[in-house]
Structure formats: C-alpha cells, structure tokens
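Written out below as structure tokens is the structure these notes cover.
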Amino acid sequence: MDRRKALKNVAFLLGTALSSSTIGVLFENFTLPEDEKNQVSFSGTDEEILAEFADIIIPTTKLSPGAKAAGVGTFIPMMIRDCYPPAMQHTFASGLKEMESKAMQDYNKNFLSLADDQKQKLVGDLRKDTIDKKLPYSFFTIARDLTLLGYFSSEIGCTQAREYLPIPGKYDGNAEYKPGQKAWAT
C-alpha cells in the first residue's frame, strides 16, 4: 500500500476526529497541480515549533511516545505544501507566525523558549479562539488534524499507540476488548 492510500485510510478511520476542511482536502484535493504546491516555505525552526505543538496535542505517555517522536513536525509542513490549496497554505503559514507573535506578546519569549505550561496555555487559547470565531479552518484546526493524521499513520502510532499484531490471524469482528486495551491498528 502506498503512503497516499494509507493516509486516506487513516483519515477515513479518524473521520469524526478531523475537521471537514481536512477531510475535504484529503479526499477531494489530495493531489494538487504542481503550480499550486509549495506556495509557502517552512524553516527548520518552524518544524521544531510544529513538533512541540503536535506534542501538546498527543504527548508522550508511559504507554507510547508522542507526536514529536513520531516525526509529525516534518509531516505537517510536507502535507501543507503538497496537499492543501494555496489559500489554506497561506492561512496556515500566517497562523504559525501569529502563534509565534502571541508567544512574544504574552510571554516575551519565542514559542520554543516557553515553559511547557505556557505552551499548553497558548495552544489552549488558540483552540478557544478558533471555537469562538467559528472559523471553517484555521492554523489550529489544520495543525491539530495533521497531528492526528501524521501520528496515527506513523510507525509509532500504528505499533505502539494501538494494538499491533505483525502477523495477523483471522479477522474477528467480535473480538473482546479488555479494560484499558488499546484500539487495534489497521
């Protein structure tokens, strides 16, 4: 199975967890014409910021590594450049800059220099603003959706965050779950 098909399958499984704009991008616009790709660029620092953002959404726990360990910080910019229409690429890039500006305004530090609780508060504020403004898509919703998609399509997400059987047996649609058991990887 190629990566694009795997991403579509994961997006389908996460359907209710992803925004309609992300579902639309993945199922309708998954392949952009070459002249619409790469309308924005991301630096290594931007990828670090996105990795930290993603780790707030899916942190490391005692059961599995988080989104940062799964490489979501590099996954998000690749998806933005290659799959999202130009308007959404620019919205995302502007939102990333605005988040960095808000960190400077609120804490007089760049996002990467913030303490963990400050980062969490800042991301929580972004989430609240997105909900309050009822935006169809924003930096927060796109970054959150791509964090989920990137994590659950990564090796870590499939083999450590969920139950994984490398050599599957027969299909059992009525398999019992034990209390605390992880969901099965597909």
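These figures come from a predicted structure and were not determined experimentally. Residue numbers start at 1 and run along the sequence shown. Any value given below was found using the heavy atoms of this structure, including those in side chains, with hydrogens, waters and symmetry copies removed.
The distance from the CD1 atom of I56 to the CZ atom of R127 is 13.5 Å, given to the nearest 0.5 Å. The distance from atom CG of L50 to atom CZ of F139, rounded to the nearest 0.5 Å, is 5.5 Å. With rounding to the nearest 0.5 angstrom, the CD atom of Q105 is 6.0 Å from the NZ atom of K102. From I49, atom CD1 reaches atom CE of M99 across 6.0 Å, with rounding to the nearest 0.5 Å. In this structure, CG on L146 lies 4.0 Å from OH on Y84, to the nearest 0.5 angstrom. Rounding to the nearest 0.5 Å gives a distance of 5.0 Å between CZ of F140 and CZ of F53.
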Is there a side chain to side chain contact (heavy atoms under 4.5 Å, CB included) between L149 and M79 once you walk through the steps?
-> CA-CA 10 Å; L149 186 61; M79 290 294 289; 4.2 Å; yes

List the steps, then state whether side chain to side chain contact (heavy atoms under 4.5 Å, CB included) holds for L122 with K119.
-> CA-CA 5 Å; L122 186 65; K119 289 177 189 171; 5.7 Å; no

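You'll find the side chain of R81 reaches within 4.5 Å of the side chain of F42, heavy atoms only. In this structure the side chain of F111 reaches within 4.5 angstrom of the side chain of V123, judged on heavy atoms. Residues S64 and Y151 meet the side-chain proximity criterion, which asks for heavy atoms closer than 4.5 Å.
Grouping the Ile, Leu, Val, Met, Phe, Trp and Tyr side chains by contacts below 4.5 angstrom, directly or via other members, places L126 with L112. Criterion: ILVMFWY side-chain heavy atoms under 4.5 Å apart, direct or through other members. Under it, I76 and M78 are part of a common hydrophobic cluster.
The backbone N or O of S138 sits less than 3.5 Å from a side-chain atom of T141, completing a donor-acceptor pair. Checked by atom type and distance alone, the side chain of T159 pairs as donor or acceptor with a backbone atom of E155 at under 3.5 Å. Between the side chain of Q89 and the backbone N or O of Q39, at least one donor-acceptor pair lies under 3.5 Å. Between the side chain of Q118 and the main chain of A115, a donor-acceptor pair closer than 3.5 Å is present.
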In a table with atom names and distances, give each donor-acceptor pair under 3.5 Å that connects a side chain of residues 65-75 to protein atoms at least two apart or in another chain.
unit_1	atom_1	unit_2	atom_2	d
K68	NZ	E52	OE2	2.3
T74	OG1	G71	O	3.0

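A salt bridge links K37 to E34: at least one charged side-chain nitrogen sits closer than 4.0 Å to a carboxylate oxygen. The existence of a salt bridge linking K121 and D117 is excluded, since no basic side-chain nitrogen approaches an acidic carboxylate oxygen closer than 4.0 Å.
Closest approach of A103 to L114, counting heavy atoms only: CB-CD1, 3.9 Å.
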